[in-house]
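Below: one structure, written as C-alpha cells.
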Amino acid sequence: MSQTFSVLLLSASTRPNRIGPAVADWFRRATRDTAADLHIDLDPVDLGDLALPMLDEPAEPSEGDYQHPHTLAWSARVAAADAIVVVTPEYNGGMPAALKNALDYLYDEWAFKPVLFVGYGNTSAGTRSVQMARQVTTALRMVPTGADLFLRLADSRFGDTVAPGAAFDRRAATALAELHRIGTAVRPLTLARRPAPSAPVASPFGRELWLHPAGPRDAAELLVLQRCCWVDEAIANATLELGALRESLDDVTAWLAEWSTWCLRRNGRLIGAVRARRVGDSWLIGRLMVAPDQRGRGLGRALLRHAEAAAPASGIGTLTLSTGRDSTDNLRLYRSSGYRESGPDGPLAVRLVKRVAVPVGADPSGPAR
Ligand SMILES: Cc1cc2nc3c(=O)[nH]c(=O)nc-3n(C[C@H](O)[C@H](O)[C@H](O)COP(=O)(O)O)c2cc1C
C-alpha cells in the first residue's frame, strides 16, 4: 500500500475579504483527481485564521526551542507535511508580510521540502511576490519546483469564486504531481521530527485513519466530541461540575489557540483528540478523548503516545495529566502508561505525573532534581 503524502496548502493573505482561500480552494478542486490517485492529503492553512503574532520566540528558530503554544502548533503542522503549496498574493511588488513572518517562525521544519507557488495579482499576476518568496524559501533550504502557477485576477476571479479555466486546471494537476515526485524522492532528507499521521496511530488500522493538528475550523466538532466524552466523566464521578462539559464554542476556540491539539479522524469523522502544552519544565497533556463507539481499539493509548512524543526536545522533566478521581478506565490507561498519582487536582480529580528519565538537554551527571 502506498504511503499518504501530506501537502500543506498555505494561503498567505490575512486581510478581511481576502481572495486567497478562494484561490487555494480552486487549486484543491483542480487537483482533486491527482490527489486521489497519488494518495495526497491537502492540509489547508489560512494564515488569516492561524493568526500568528509577529515572531515572538526568544530563541532563534534554528535552535527549535519553542516557548509559545502557537509556535509549537505551527511547528507540528509544518513538520507533518511532505511538501508545501504557497498560495500568495502580490503586495506592492513583493510577498505579504504575513507569509515572511510564517516562514521565519520555523527552520528545520521547512528544510528539504519541495515548495510550489501559486501567485496571483493584477497585471503582474503575483510573479514579483513569488520571486521574493523563492529567495527566502531557498535560504530555508526548501526545494523549488519548476511548475509555479500565476493567476491574473482579472481573468480568474468571478465574484467570490476563482476559476481560471481548464488549461490552468491541468497545469495545477501537473504541478501537484511534480511536487509529489520531488517530495517522495527527498523525503528521507527532511530534518524535523514528524508527528506523522501514520505510525503509531494509523498503521494498525489502515488508511481511513488520519491524525492532524487541530485549527479553529475543528472547534465545533471538538466541542461536540468533548461534551459527548465528558458526559461519561460526569456519570463516573457523579458531578456536572466539569469544565470540559460546560465549555462554549468560544472557549474551545480560545484554548485551541493556546494548546497544541491533534484531531483523529476516521473517514473524515472526528473520533478522537488530545492537546498538550509546555508549562515550565512540564509537558501538560489533556483533553484526551475517543468517541464511545471507537473505544477498546487502542486509539486513546496511541493518542497519548503521540502527545508525549510531541514534547519539546529539551528542558522537559515531567509529563503531567489529570483525570477524575473515579474515572477508572482513564486511571487504568495512565497507570499502565507509566503515570503515577501525585496528589489531588481540585476536589474531584487527581494529577498524574510521569518523569522523563533524563530531561533532554540536561547533563545526566548533574545534581539530582
Ligand atoms: C496592500 C496591497 C498591495 C497590493 N499590491 C499589488 C501589487 O503590487 N501587484 C498586484 O498585482 N496587485 C497588488 N494588489 C492587488 C491584489 O493583487 C489584490 O487585492 C488581491 O485580491 C490581494 O489578495 P488577497 O485578496 O488575498 O489579499 C495589492 C493589494 C493590496 C491589499
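Throughout, residue positions are numbered sequentially from 1 according to the sequence presented. Indexing begins at 1, ligand by ligand and atom by atom, following the structure's order.
- Asp250 and Thr253 share no side-chain donor-acceptor pair at under 3.5 Å.
- Every atom of ligand 1 with a heavy atom of Gly20 under 4.0 Å away is listed here by number and element: 26 (O).
- Under 3.5 Å, the side chains of Tyr105 and Asp56 contain a donor-acceptor pair of N or O atoms.
- In this structure, Trp26 and Val118 have side chains that are in contact, with non-hydrogen atoms separated by less than 4.5 Å.
- Cation-pi geometry between Arg278 and Trp283 is not met: the NZ or CZ atom fails to fall both under 6.0 Å from the ring centre and inside 45° of the normal.
- Taking only nitrogen or oxygen atoms, main chain and side chain alike, Gly93 reaches within less than 3.5 Å of ligand 1.
- Scanning all protein heavy atoms for the shortest distance to atom 9 (N) of ligand 1 gives Glu90 OE2, 3.1 Å.
- Between the side chains of Ser337 and Arg301, at least one donor N or O sits under 3.5 Å from an acceptor N or O.
- If you number the atoms of ligand 1 from 1 as listed, the ones under 4.0 Å from a heavy atom of Pro89 come out as 22 (C), 23 (O).
- Residue contacts with ligand 1 for Val23 are absent, since no atom lies close enough (heavy atoms, distance under 4.0 Å).
- Of all the heavy atoms in Arg18 and Thr14, the pair that sits closest is NH1-O, 3.4 Å.
- For atom 5 (N) of ligand 1, the closest non-hydrogen atom on the protein side is Asn92 N, 2.8 Å.
- Asn101 places a side-chain N or O within donor-acceptor distance of the main-chain N or O of Pro53, the cut-off being under 3.5 Å.
- Here the protein heavy atom with the shortest distance to atom 20 (C) of ligand 1 is Leu153 CD1, 3.6 Å.
- Residue Gly121 approaches ligand 1 through these ligand atoms, each under 4.0 Å from one of its heavy atoms: 11 (O), 17 (O).
- When each atom of ligand 1 is checked for a heavy atom of Ser13 under 4.0 Å away, the hits are 24 (P), 26 (O), 27 (O).
- Atoms of ligand 1 found under 4.0 Å from any heavy atom of Tyr120 (numbered from 1 in listed order, with element): 23 (O), 24 (P), 26 (O).
- Closest approach of Asp49 to Pro216, counting heavy atoms only: O-CG, 3.8 Å.
- Of all heavy-atom pairs spanning Ala76 and Trp262, the tightest one is CB-NE1, 4.1 Å.
- Atom 19 (O) of ligand 1 has Arg15 NH2, 3.7 Å as its closest protein atom, hydrogens excluded (heavy atom only).
- In terms of protein heavy-atom proximity, atom 31 (C) of ligand 1 is nearest to Tyr91 CE2, 3.8 Å.
- For atom 15 (C) of ligand 1, the closest heavy atom belonging to the protein is Asn122 ND2, 3.5 Å.
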